[in-house]
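What follows is a single structure, written as structure tokens, with notes after it.
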Number of protein chains: 2
Amino acid sequence: MTNKRPHHHGNLREALIIAGVQLLEEGGVEALSLRKCAAIAGVSHAAPAHHFAGLGSLELAIVSRGHDKFAEYMIDARESAEQTPRARLGAICDGYIKFSRAHFALFKFMFQPRELEPDLFDEATWNQFQVASTASYQVLRDACEPFDHGKAGDQVTEAMVWSMVHGYAMLFSKKPSKLAPFELVPEFSTLLPPLTLKK
Amino acid sequence: MTNKRPHHHGNLREALIIAGVQLLEEGGVEALSLRKCAAIAGVSHAAPAHHFAGLGSLELAIVSRGHDKFAEYMIDARESAEQTPRARLGAICDGYIKFSRAHFALFKFMFQPRELEPDLFDEATWNQFQVASTASYQVLRDACEPFDHGKAGDQVTEAMVWSMVHGYAMLFSKKPSKLAPFELVPEFSTLLPPLTLKK
DNA sequence: CTCTCATCTTTACAGCGTCTAGTTTAACAT
DNA sequence: ATGTTAAACTAGACGCTGTAAAGATGAGAG
């Protein structure tokens, strides 16, 4: 219905998301504002209200865009890897960390836990987020599937790998890491413990 | 020199930090503002400027206060544990996670990476942060010391344990975790791989 | 052609961080 | 005891923010 240049601007929603990602990556979360996004898109400061339920909705749309890129990084790494379960898992972790380093502001923003009450967002933004975040997580989940963690179930492998790669990305992606009192941060591949394949 | 009830308020700096922690824990990072802290402390909106170089400084002071509590949680857990290296390390991880669950807003706030340029802060706040964050990390570091990680060095054990417990705390502390598509989050103790003691 | 309605603009308001100028008062020097 | 100094605090202003309300614009349907 409103797909092709609906009125004045012609896909303002998309332009606002792109502007938001740009502001976020250039100046961090403090530089992100609805009014600046509107200015970059060339519309008045109140125009975004017709596409997002508020700043929170725009933020969630930016997070969704982040998940899209995030999944791309992991999938690219997986495709370039040796095709064994262990190598695929290692490659996906590398993609995870590579993304966090290449787009640290966005990565940090994506995993800053929010109040995720669906009624705070417009439906389109919410649905898009559900799809994007589930898809990016599924990449990691699939890579864990071949491994066995005994009677405790697959969730243990997923939780272990995800915890480790996520903690590593959060703590050691920004360098020099003021958080980490390390001279040299070890490679992630040296941290991942051995895993046993299913039966 | 200005230790005992210096003037009007009588330790406004401390009152502002306490107000800030309270606002943060009650309403999240969005509810934290200099003006509200000043109002809670019963002073004018411009009074905090005489104790903090800006909002960033107050935030850093709140983070420091968080590290103090954080270290307490880990030390308490360690003291209550069976006195073996493995049990102590496990207990400290439990303390880490217990803190993240009991004070999630504060925990999240502490590890939200900031621009840590010392010249952005007043000296007192900066020094206090250095001491508090180093001390809380040292608790984890000490618990890792007895374990061997081969030629790669102690940093590998520290990085591995810290990544895992931190990722776990970030991803699974808020429940129900909208981030984690898990029905049941595994206990952290089932995730930590075996470690070998030094020689 | 006219109606409708989504899109966008304009205006306004309250809250924010921070700057400046002025006031209060504790503590020190004489 | 008195005067001085400087730290602690107040009052007001500025530009920025998100958001709400009301008016203007123009594309598409009947």
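Labels below follow one simple rule: chain letters A, B, ... track the order of the sequence lines, proteins then strands, and each chain is numbered from 1.
- The nucleotide whose nearest atom lies closest to any side-chain atom of A/K36 is, among C/dT18, C/dC8, D/dT17, D/dT17.
- The interatomic distance linking B/L55 (CG) with C/dG15 (P) rounds to 18 Å, in whole Å.
- Separating the CZ atom of A/F52 from the P atom of D/dG18 is a distance of 13 Å, rounded to the nearest angstrom.
- Ion pairing between a basic and an acidic side chain is recognised when a charged N comes within 4.0 Å of a carboxylate O; A/R65 and A/E14 show such pairing.
- Taking atom CG of B/L120 as the reference point, atom C1' of C/dT18 lies 15 Å away to the nearest angstrom.
- If A/L12 and B/L34 are placed on DNA chain C by their nearest nucleotide, the residue sitting closer to the 5' end is A/L12.
- Here A/S44 lies in heavy-atom contact (under 4.0 Å) with a base.
- A ring pair (Phe, Tyr, Trp, His ring centres under 6.0 Å) with A/H166 holds for exactly one of A/F107, A/Y137, A/F172, A/F188; it is A/F107.
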Handout entry: Test side-chain hydrogen bond (donor to acceptor under 3.5 Å, both in side chains) applied to B/W162 and A/Y168, step by step
Key = CA-CA 8 Å; B/W162 195 19; A/Y168 183 91; over 6 Å; no
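- Checking C/dT9, C/dC16, C/dC19 against every side-chain atom of B/R35, the shortest atom distance belongs to C/dC16.
- Nucleotide C/dA6 holds its C1' atom 15 Å from the CG atom of A/D122, rounded to whole Å.
- Across C/dC8, C/dT18, D/dT19, the shortest atom-to-atom separation from the side chain of A/H50 is found for C/dC8.
- No N or O donor and acceptor, one from the side chain of B/H45 and one from the base of C/dG15, sit under 3.5 Å apart.
- D/dC16 atom P lies 15 Å from atom CG of A/L23, rounded to whole Å.
- For the pair A/H51 NE2 and C/dA6 C1', the computed distance is 9 Å after rounding to whole Å.
- In the model, B/T196 has no side-chain atom that pairs as donor or acceptor with a side-chain atom of B/D148 under 3.5 Å.
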